[in-house]
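Everything below concerns the one structure shown next.
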Amino acid sequence: VILQLPQNVIDYLLDDGTLVISGRNEAPSCSRVDDGSDEEQDVQWSDDENVTTLTAPEFPDFAAKVQEAINSLGGSVFPKLNWSSPRDAQWIAMNSSLKCNNLSDIFLLLKSSDFVTHDLTQPFLHCTDDSPDPKVDPQLVLRKWCELIPGGEFRCFVKENKLIGVAQRDHTQYYDHVCNQAANILGSILDFFRNQIQYKFLDEDFVFDVYRDSQGKVWLIDFNPFGEVTDSLLFSWEELTSGQTISKGDLKDPDSPAFRYITSEMTVQPSPYLSYRLPKDFVDLSRGEDAHKLIDFLKLTRSQEPESSDEEG
């Protein structure tokens, strides 16, 4: 189900204020103020005299459409915008999952996601286009929730309508069945591409994700731009765009794409989304990627040293 995002919803998603989630079926019990008043209940965040109340905005028409879509899809959905899903915000959900049962669940993920913010503010950052000012109407895409085994997901890279690379989608884990069935997996994905996708997509350079189930059937999950905005996983964008031949996969077919997957438990890596659980300033500082932040931190530390010395004295 695809729903157009109203401008007031977009403004709400981009609001930098305190995260007050709209779309709850009922207000949290800790936030009710039972004073007998007929006025709208506010969310109370302090008992101080100068208390500030924050009220979640409501979007009744949009909320009704979303709930109707969720019900039609079985009661649980996977949300995304035109391009990106809020994978980087999965950790903040109560179930640590992208599974959503209501608008509140969806808003929590969308408002917490840097990927979604990128889609809404600068979707064409790394793109080149003949149009001087390309525009896109943001849309909310809801899909029926299905429990997928991460080891069955693969990302496929297509250049000039030729499948040049396939990578294990969850490249942080080792899956024994992928190693044992590499040739069969690659063969089924290549057949799916030739029969269902090749020469049928609007562009000749693109990326698509698939899921291969336990019966060997391949399912299309999504399409992505062919470029740096899309995670290249076990490849690098330099080799994908260089035009040079990438080492081939396990098939004897000369047109077989390169197939990369984790071959040993020794090469398991932490999730790339872990960095999104901390403020970006902290991550940059820990990696030494922002010299100005490091200098400011050192100055702050140095300015506090005399105070600490005086207190000790």
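Excluded from the calculations below are hydrogen atoms, water molecules and symmetry mates; all remaining heavy atoms, backbone and side chain alike, are included. Positions are given from 1 along the sequence.
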Would you say the side-chain atoms of His177 pair up with the backbone N or O of Gly151, donor to acceptor, closer than 3.5 Å? yes

Can you tell if the side chain of Leu233 reaches within under 4.5 Å of the side chain of Gln168, non-hydrogen atoms only? no

For residues Trp83 and Asn224, is any side-chain donor paired with an opposing acceptor at under 3.5 Å? no

I'd like to check the salt bridge (Lys or Arg N to Asp or Glu O under 4.0 Å) partners of Asp191; sequence neighbours left out, ordered by chain and number. none

Quick one: do Leu3 and Val66 satisfy side chain to side chain contact (heavy atoms under 4.5 Å, CB included)? Show the steps, please. CA-CA 8 Å; Leu3 300 174; Val66 171; 3.7 Å; yes

Where the side chain of Thr117 meets the backbone of Ser113, is there a donor-acceptor pair that is under 3.5 Å apart? yes

Is it possible for you to say whether Ile221 and Ile197 belong to one hydrophobic cluster, with membership spreading through side-chain heavy-atom contacts below 4.5 Å? no

Decide whether Leu5 and Ile106 are clustered together by the hydrophobic rule: side chain heavy atoms of Ile, Leu, Val, Met, Phe, Trp, Tyr closer than 4.5 Å, transitively. yes

Would you indicate whether the side-chain heavy atoms of Lys111 and Tyr12 approach each other to under 4.5 Å? yes

Any side-chain heavy-atom pair of Ser188 and Arg212 under 4.5 Å: yes

For Thr172 and Asp170, which I'm curious about, is there any donor-acceptor pair between the side chains at under 3.5 Å? yes

Shortest non-hydrogen contact from Tyr174 to Ile262? CD1-O, 3.4 Å

Which atom names give the shortest non-hydrogen contact between Val166 and Phe235, and what distance separates them? O-CE1, 3.6 Å

Are Asp105 and Leu109 side-chain neighbours, meaning at least one heavy-atom pair lies under 4.5 Å? no

Within the 4.5 Å heavy-atom criterion, are Leu140 and Lys80 side-chain neighbours or not? no

Got a second to check how far Lys162's NZ is from Glu204's CD, nearest 0.5 Å? 13.5 Å

Looking at Asp222 and Arg143, is any side-chain nitrogen of the basic one under 4.0 Å from a carboxylate oxygen of the acidic one? yes

Side-chain heavy-atom pair Ile164, Val158 within 4.5 angstrom cut-off: no

Please determine whether residues Phe259 and Tyr175 belong to a single hydrophobic cluster, defined as Ile, Leu, Val, Met, Phe, Trp and Tyr linked transitively by side-chain heavy-atom distances below 4.5 Å. yes

NZ/Lys65: more than 12 non-hydrogen atoms of other groups inside 6.0 Å: no

Check for me whether the distance between the ring centres of Phe154 and Tyr261 falls short of 6.0 Å. no

Please identify each residue that fulfils side chain to side chain contact (heavy atoms under 4.5 Å, CB included) with Ser236, with sequence neighbours left out. Glu238, Glu239

If you define the side chain from C-beta out and look only at heavy atoms, does anything of Leu190 sit under 4.5 Å from Pro257? yes

Side-chain donor/acceptor of Asn82 to backbone N/O of Gln139, under 3.5 Å: yes

Find the distance between OG (Ser112) and CD (Gln90) and round it off to the nearest 0.5 Å. 12.5 Å

Is Phe208 close to Val210 at the side-chain level, that is, under 4.5 Å between some pair of heavy atoms? yes

With Trp237 via side chain to side chain contact (heavy atoms under 4.5 Å, CB included) - residues at least two apart: Phe157, Val207, Phe226, Glu228, Thr230, Ser232, Leu240, Thr241

Tell me if a side-chain donor or acceptor on Glu153 pairs with a main-chain N or O of Tyr211 at a distance below 3.5 Å. no

Pairs of donor and acceptor atoms involving the side chains of residues 68-79, under 3.5 Å and at least two apart or interchain, shall be tabulated with distances.
from: Asn71; atom 1: OD1; to: Gln67; atom 2: NE2; distance (Å): 3.2
from: Asn71; atom 1: ND2; to: Gln67; atom 2: O; distance (Å): 3.2
from: Ser72; atom 1: OG; to: Ala69; atom 2: O; distance (Å): 2.7
from: Ser76; atom 1: OG; to: Asn101; atom 2: OD1; distance (Å): 2.7

Does a sphere of radius 6.0 Å around NZ in Lys200 hold more than 12 heavy atoms from other residues, nucleotides or ligands, not counting ones at 6.0 Å or beyond? yes

Could you tell me which non-hydrogen atom of Leu13 sits nearest to which non-hydrogen atom of Leu110, and how far apart they are? CD2-CB, 3.9 Å

Output for pair (Phe115 CZ, Asp88 CG), nearest 0.5 Å, gives 4.5 Å

Could you see if Val116 belongs to whatever hydrophobic cluster contains Leu14? Use Ile, Leu, Val, Met, Phe, Trp, Tyr and a side-chain cutoff under 4.5 Å. yes

I'd like to know whether CD1 of Ile149 has more than 12 heavy-atom contacts from other residues, nucleotides or ligands below 6.0 angstrom. no

Closest heavy-atom pair, Arg260 versus Leu234, reported as atoms and distance to 0.1 Å, is NH1-O, 3.2 Å

Roughly how far, to the nearest 0.5 Å, is CD of Gln4 from CZ of Phe62? 9.5 Å

Residues at least two apart in sequence or cross-chain that pass ring pair (Phe, Tyr, Trp, His ring centres under 6.0 Å) with Phe206, listed by chain then number, are Phe201, Phe223

Distance in Å, Cys156 SG paired with Ile189 CD1, rounded so as to fall on 0.5 Å steps: 5.0 Å

With the 4.5 Å side-chain cut-off for hydrophobic clustering, are Ile10 and Leu81 part of the same group? yes

Once salt bridge (Lys or Arg N to Asp or Glu O under 4.0 Å) is applied, do any residues pair with Asp209, and if so which ones, sequence neighbours excluded? Arg155, Arg169

